[in-house]
Amino acid sequence: MGKRLLIVIDGPAGAGKSTAARLLAKQLGYRYLDTGATYRVVALSAKQRGITPEMTEKLGRLCAELGIGFEDNEEGQRVYMDGKDVTEAIRTPEISMLASRISQEKVVRDALVDLQRRLGGPGVVAEGRDMGLVVFPEAAVKFYLDAKPEDRGTRRYKELLDRGITADLSRVIEDTDRRDKEDRNREVAPLQTAPDAITIDSTGLTPEEVVERMLAEIKKSG
Ligand code: DC
């Protein structure tokens with residue numbers, strides 16, 4: 001494939017963004033940027049330091065000081081917090097809710113959007129909620145990946161089981177839906193579809209089928 005592009009994928013929790021973004025990046029030989037992980041690392045660190053979402057000044061300072069890093073290896077991507085591997089620790093239901101909550105704070109968004117822009121660029125597949133509208137409006141191809149609520153909750157549930165975390169399916173569906181509503185209705189950078197985004201409904205599709213559609217769209221875009 002010719003020129004390296006910046007590709008973004010937005011959409012609600014459990015639509016299959018991470019799997020699709022990872023697969024797509026692999027097929028194109030691009031780097032995968034998981035922006036949700038940056039919010040999760042801040043949430044984990046805040047929790048460990050006893051910083052609540054209301055302590056905005058402390059949260060701002062934490063974002064400025066915290067070292068967030070990614071490392072790719074054969075098995076996937078590892079996430080680091082001040083040099084410590086937190087790949088699994090940031091995926092618990094508690095950190096999911098806290099990440100959603102702190103991502104509503106402007107100090108956090110400003111700091112992390114800055115960091116994400118430094119990590120993004122041509123040859124990157126960036127995945128998140130505000131990629132196409134806020135972080136990378138210049139992206140060459142923008143996708144909005146959606147799926148029915150039951151599908152999204154079930155996907156999250158399976159992810160938790162795979163990680164050895166026991167959960168209740170109906171509770172996970174409920175949590176996923178609640179987190180989405182919060183992500184959509186917040187005042188700061190609500191989850192919104194970029195007008196130039198290509199929407200793909202992943203309901204009933206395998207990750208490979210989703211990526212196939214994405215590759216076809218990328219090809220079309222020139
Ligand atoms: O994609 P994820 O589930 O790992 O994201 C965790 C939380 O972070 C999610 O509830 C909303 C927030 N988030 C965000 O506000 N903006 C992004 N670009 C990515 C994630």
Student: One thing to verify: whether Lys142 and Asp196 come together as a salt bridge, which I'm taking to mean a side-chain N less than 4.0 angstrom from a carboxylate O.
Tutor: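 The answer is yes: the pair qualifies as a salt bridge.
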Student: Do NZ/NE/NH1/NH2 and the carboxylate oxygens of Arg179 and Glu182 come within less than 4.0 Å?
Tutor: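 Judged by the 4.0 Å cut-off on N to carboxylate O distance, Arg179 and Glu182 do not form a salt bridge.
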Student: Tell me if a side-chain donor or acceptor on Asp85 pairs with a main-chain N or O of Thr87 at a distance below 3.5 Å.
Tutor: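 Checked: pair present.
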Student: Say whether Arg109 and Tyr39, considering side chains only, have a donor N or O and an acceptor N or O under 3.5 Å apart.
Tutor: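 Yes, Tyr39 and Arg109 have a side-chain donor paired with an acceptor closer than 3.5 Å.
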Student: Is the closest side-chain donor-acceptor distance between Asp146 and Ser202 under 3.5 Å?
Tutor: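 Checked: Asp146/Ser202 side chains show no N/O donor-acceptor pair below 3.5 Å.
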Student: In plain terms, say whether Arg152 and Asp175 are close enough for a salt bridge, that is, a side-chain N and a carboxylate O under 4.0 Å apart.
Tutor: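 Salt bridge between Arg152 and Asp175, a charged N being under 4.0 Å from a carboxylate O: no.
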Student: In plain terms, say whether Glu88 and Arg78 are close enough for a salt bridge, that is, a side-chain N and a carboxylate O under 4.0 Å apart.
Tutor: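 Looking at Glu88 and Arg78, the cut-off is met.
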Student: Between Leu24 and Ile7, is the side-chain contact (heavy atoms from CB on, under 4.5 Å) condition met? List the steps.
Tutor: CA-CA 10 Å; Leu24 183 64; Ile7 297 167; 4.1 Å; yes
Student: Do Arg49 and Asp82 sit within salt-bridge range, that is, some charged N less than 4.0 Å from a carboxylate O?
Tutor: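 Looking at Asp82 together with Arg49, the answer is yes, because their closest N to O distance falls below 4.0 Å.
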Student: Flag the pair Arg101 and Glu54 as a salt bridge only when some basic side-chain nitrogen lies within less than 4.0 angstrom of an acidic carboxylate oxygen.
Tutor: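 Judged by the 4.0 Å cut-off on N to carboxylate O distance, Arg101 and Glu54 do form a salt bridge.
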Student: Tell me whether Lys158 is salt-bridged to Asp162, with the criterion being a basic N under 4.0 Å from an acidic carboxylate O.
Tutor: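 Judged by the 4.0 Å cut-off on N to carboxylate O distance, Lys158 and Asp162 do not form a salt bridge.
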Student: For the pair Arg22 and Glu127, find out whether any cationic side-chain nitrogen is under 4.0 Å from an anionic carboxylate oxygen.
Tutor: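 Here Arg22 does not pair with Glu127 in a salt bridge, since their nearest N and O are not under 4.0 Å apart.
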Student: How would you list, by chain and number, every residue that makes a side chain to side chain donor-acceptor pair (under 3.5 Å) with Arg156, sequence neighbours excluded?
Tutor: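 Residues passing side chain to side chain donor-acceptor pair (under 3.5 Å) with Arg156: Glu159.
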